[in-house]
2 protein chains.
Amino acid sequence: MYRIGELAKACDINNDTLRFYEKNALLTPSSRSESGYRLYTEKDKNILQFILRAKGVGFTLAEVRELLSIEVNKADNACADVKTLVDIKLADVERKLAELARFQMSLKRLSDACCGGKESAEHCTILEALESNTDNVRHET
Amino acid sequence: MYRIGELAKACDINNDTLRFYEKNALLTPSSRSESGYRLYTEKDKNILQFILRAKGVGFTLAEVRELLSIEVNKADNACADVKTLVDIKLADVERKLAELARFQMSLKRLSDACCGGKESAEHCTILEALESNTDNVRHET
DNA sequence: ATAAACCTTATAGCTAGATCTTAGGTCAAG
DNA sequence: CTTGACCTAAGATCTAGCTATAAGGTTTAT
């Protein structure tokens with residue numbers, strides 16, 4: 001069991017952020033002490049880490065709340081709704097992955113060009129590096 | 001040459017956002033008309049599209065400003081500094097890519113589990129799907 | 001030549017997400 | 001048995017990134 005300050009420190013965030021997440025229905029501590037202190041379990045910590053990672057890749061807190069609320073249940077009629085939500089998020093993630101892959105290529109090019117690569121003079125800004133990516137696309141059928 | 005409203009419409013953003021980007025040193029129109037109207041070139045449009053894409057994958061405007069300011073120049077003494085900056089951003093992009101790949105796997109699992117996969121009952125929330133990812137890591141040497 | 005649709009600057013207001021302030025109550029160590 | 005680190009709730013404040021308003025000048029179509 002973690003008290004608020006312990007969990008906050010363990011995850012390198014502010015105590016107030018935890019209270020904020022609680023108020024906004026993202027993470028409610030599993031229990032309270034007799035004197036009203038918040039008590040977080042390991043599972044709570046996992047949820048927090050999920051929230052922080054999701055935030056780190058650009059999900060809003062509202063989206064994180066949606067992701068956390070997903071409960072696949074084959075028996076449930078809401079199954080189709082859940083699948084729809086998941087597939088929307090999946091498309092979003094895949095779009096981000098593709099975009100990031102382009103950034104990665106461009107940044108690699110810049111890094112190489114900087115100190116001694118063959119293409120030094122040609123790609124000297126990120127915009128040019130991005131454009132040159134498109135030039136070099138292999139036409140795979 | 002685009003006037004502010006034309007460029008804004010072409011890129012599906014608000015006129016005020018363009019003025020905001022100018023005030024915050026992200027995109028300054030290449031010229032002004034005699035009457036003071038902002039005039040944007042195709043190159044300006046490319047920069048804007050870069051800004052919007054970078055924002056879309058989770059860079060802050062301050063980071064975008066940094067990325068845009070990169071100018072690799074082998075002759076320049078600042079080369080090492082630029083390489084450092086680029087490599088920091090590259091590491092950041094690669095961290096995001098890895099994180100997104102995990103989300104992608106988990107979401108795929110959930111999508112499959114939902115309507116008829118073999119693993120239906122086992123992975124019914126995104127947290128469980130994420131945990132089961134770790135279980136299934138292939139130990140490639 | 002005048003209305004409608006655009007543009008200008010400057011400044012105020014909005015939402016998300018987080019942090020700080022106030023006025024206290026709790027708890028472990030000396 | 002008190003000091004200092006911790007906790008409580010409620011509400012104010014802060015930053016980023018827009019978005020809107022006010023008061024006026026410009027362009028284009030009729």
Side-chain angles (χ1 to χ4, degrees), chain A residues 1-41 44-45 47-69 89 92 96 99, chain B residues 1-41 44-45 47-69 89 92 96 99:
Chain A
M1 291 294 210
Y2 301 87
R3 284 193 307 189
I4 195 169
E6 293 166 347
L7 182 60
K9 188 166 288 181
C11 295
D12 198 30
I13 57 167
N14 192 302
N15 297 14
D16 290 311
T17 303
L18 283 170
R19 296 199 189 93
F20 174 80
Y21 287 170
E22 180 171 354
K23 202 166 62 188
N24 289 276
L26 282 157
L27 175 59
T28 305
S30 294
S31 58
R32 295 278 184 138
S33 74
E34 291 196 353
S35 50
Y37 288 14
R38 290 168 176 79
L39 296 174
Y40 296 90
T41 62
D44 292 334
K45 190 179 177 187
I47 296 174
L48 177 58
Q49 286 169 338
F50 175 82
I51 295 170
L52 298 176
R53 277 188 287 112
K55 225 166 53 76
V57 293
F59 284 108
T60 64
L61 296 190
E63 287 174 315
V64 175
R65 197 161 36 234
E66 274 189 337
L67 287 170
L68 282 171
S69 75
K89 293 299 168 201
D92 191 27
K96 284 184 185 179
E99 205 62 80
Chain B
M1 292 293 213
Y2 302 86
R3 287 195 304 191
I4 195 168
E6 291 165 349
L7 183 59
K9 188 167 288 180
C11 295
D12 198 27
I13 57 168
N14 192 302
N15 297 14
D16 291 313
T17 303
L18 283 170
R19 296 199 188 92
F20 174 80
Y21 286 170
E22 181 171 353
K23 202 166 62 187
N24 290 275
L26 281 157
L27 175 59
T28 306
S30 295
S31 57
R32 293 280 184 137
S33 74
E34 292 196 354
S35 50
Y37 286 17
R38 291 169 177 79
L39 295 174
Y40 297 90
T41 63
D44 294 334
K45 190 180 177 187
I47 296 174
L48 176 58
Q49 286 170 338
F50 174 81
I51 296 169
L52 298 176
R53 276 188 288 112
K55 227 167 49 76
V57 292
F59 285 107
T60 64
L61 295 192
E63 288 175 315
V64 174
R65 198 160 37 233
E66 275 188 337
L67 287 169
L68 282 171
S69 74
K89 292 299 167 202
D92 190 29
K96 284 185 184 179
E99 206 61 80

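Since we're looking at a predicted model, the values are computed, not measured. A note on names: the letters A, B, ... follow the listed sequences, proteins ahead of strands, and every chain is numbered from 1.
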Sugar-phosphate only, base, or nothing, as touched by [X] at under 4.0 Å among non-hydrogen atoms:
X       : answer
A:Asp16 : base
A:Ile4  : sugar-phosphate
B:Asn15 : sugar-phosphate
B:Arg38 : sugar-phosphate

Seminar exercise, completed: So, with a heavy-atom separation below 4.0 Å from DNA chain D, the residues of residues 26-37 of chain A are A:Arg32, A:Gly36, A:Tyr37
Problem set entry | Non-neighbouring partners of B:Arg53 that pass salt bridge (charged side-chain N to carboxylate O under 4.0 Å, His left out), sequence neighbours left out | A:Glu99
Exercise. What residues form a salt bridge (charged side-chain N to carboxylate O under 4.0 Å, His left out) with B:Glu6, not counting sequence neighbours?
Worked result: none
Exercise. Listed by chain and number, what are the side chain to side chain donor-acceptor pair (under 3.5 Å) partners of A:Ser69, not counting sequence neighbours?
Worked result: none
For this session: Only counting residues at least two apart or in another chain, list the ones meeting side chain to side chain donor-acceptor pair (under 3.5 Å) with B:Tyr2.
Result: B:Glu42, B:Lys45
What does the list of N/O pairs under 3.5 Å between the protein and nucleotides 11-17 of chain C look like, with a distance for each?
| unit_1 | atom_1 | unit_2 | atom_2 | d |
| --- | --- | --- | --- | --- |
| C:dG17 | OP1 | A:Leu61 | N | 2.8 |

Side-chain donor-acceptor pairs under 3.5 Å in residues 18-29 of chain B, sequence neighbours left out?
| unit_1 | atom_1 | unit_2 | atom_2 | d |
| --- | --- | --- | --- | --- |
| B:Arg19 | NH1 | B:Asp16 | OD1 | 3.0 |
| B:Glu22 | OE1 | B:Arg38 | NE | 2.5 |
| B:Glu22 | OE2 | B:Arg32 | NH2 | 3.1 |
| B:Asn24 | ND2 | B:Phe20 | O | 2.7 |

For this session: Using side chain to side chain contact (heavy atoms under 4.5 Å, CB included) as the criterion, list what pairs up with A:Glu63, not counting sequence neighbours.
Result: A:Phe59, A:Thr60, A:Lys89, A:Asp92
Problem set entry | Which residues share a side chain to side chain contact (heavy atoms under 4.5 Å, CB included) with A:Ser30, sequence neighbours left out | A:Thr41, A:Asp44
Exercise. Is any side-chain nitrogen or oxygen of B:Arg3 closer than 4.0 Å to OP1 or OP2 of C:dT8?
Worked result: no
Exercise. Are any of the side-chain heavy atoms of A:Leu39 and A:Ile4 separated by less than 4.5 Å?
Worked result: no
Exercise. Under 4.5 Å between any side-chain heavy atoms of B:Asp12 and B:Leu52, yes or no?
Worked result: no
For this session: Using chain B heavy atoms and a threshold of under 4.0 Å, write down where along DNA chain D the contacts begin and end, 5' to 3'.
Result: D:dG17 to D:dT27
Problem set entry | Exam field: side chain A:Lys96 to backbone A:Val57, donor-acceptor pair closer than 3.5 Å | yes
Problem set entry | Non-neighbouring partners of A:Phe50 that pass ring pair (Phe, Tyr, Trp, His ring centres under 6.0 Å), sequence neighbours left out | B:Phe103
